[in-house]
Amino acid sequence: MKNNGLKDLSIEELKERLEAEKTQLTKMKINHAVSPIDNPSLIQKTRRNIARIYTEISKRQFSADNSAKK
């Protein structure tokens, strides 16, 4: 998922998506450790999606903090 899709989501939806992605990453890592998965680049893509979600959440919190200070 690219950033365009993340901007449309609320913070609660972002947090739900974050938990789902983290769960999916954990399952993929465990499955990959037991037997190699077909496409190991999916692990990297999932990690990047998690980072994108974290970035969007922190960006919104930072902008909310700055607007509250003014």
Taking distance alone, no hydrogens or angles, what donor-acceptor pairs closer than 3.5 Å link side-chain atoms of residues 18-28 to residues at least two apart or in another chain?
unit_1: K22; atom_1: NZ; unit_2: Y54; atom_2: OH; d: 3.1
unit_1: T23; atom_1: OG1; unit_2: E19; atom_2: O; d: 2.9
unit_1: T26; atom_1: OG1; unit_2: K22; atom_2: O; d: 2.9

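- Interatomic distance, R17 CZ to I57 CD1, rounded to the nearest 0.5 Å: 11.0 Å.
- Residues I53 and I50 form no side-chain contact, since every pair of their non-hydrogen atoms from C-beta on lies 4.5 Å or further apart.
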Report task. Kindly determine whether L14 and R60 satisfy side-chain contact (heavy atoms from CB on, under 4.5 Å), including the steps that lead there. Result -> CA-CA 11 Å; L14 285 172; R60 289 184 188 187; 3.6 Å; yes
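- To the nearest 0.5 Å, the span separating CD on E16 from OG on S10 amounts to 7.5 Å.
- Separating the CG atom in L6 from the NZ atom in K59 is a distance of 9.0 Å, to the nearest 0.5 Å.
- Contact check for I43 versus I37: side-chain heavy atoms found under the 4.5 Å cut-off.
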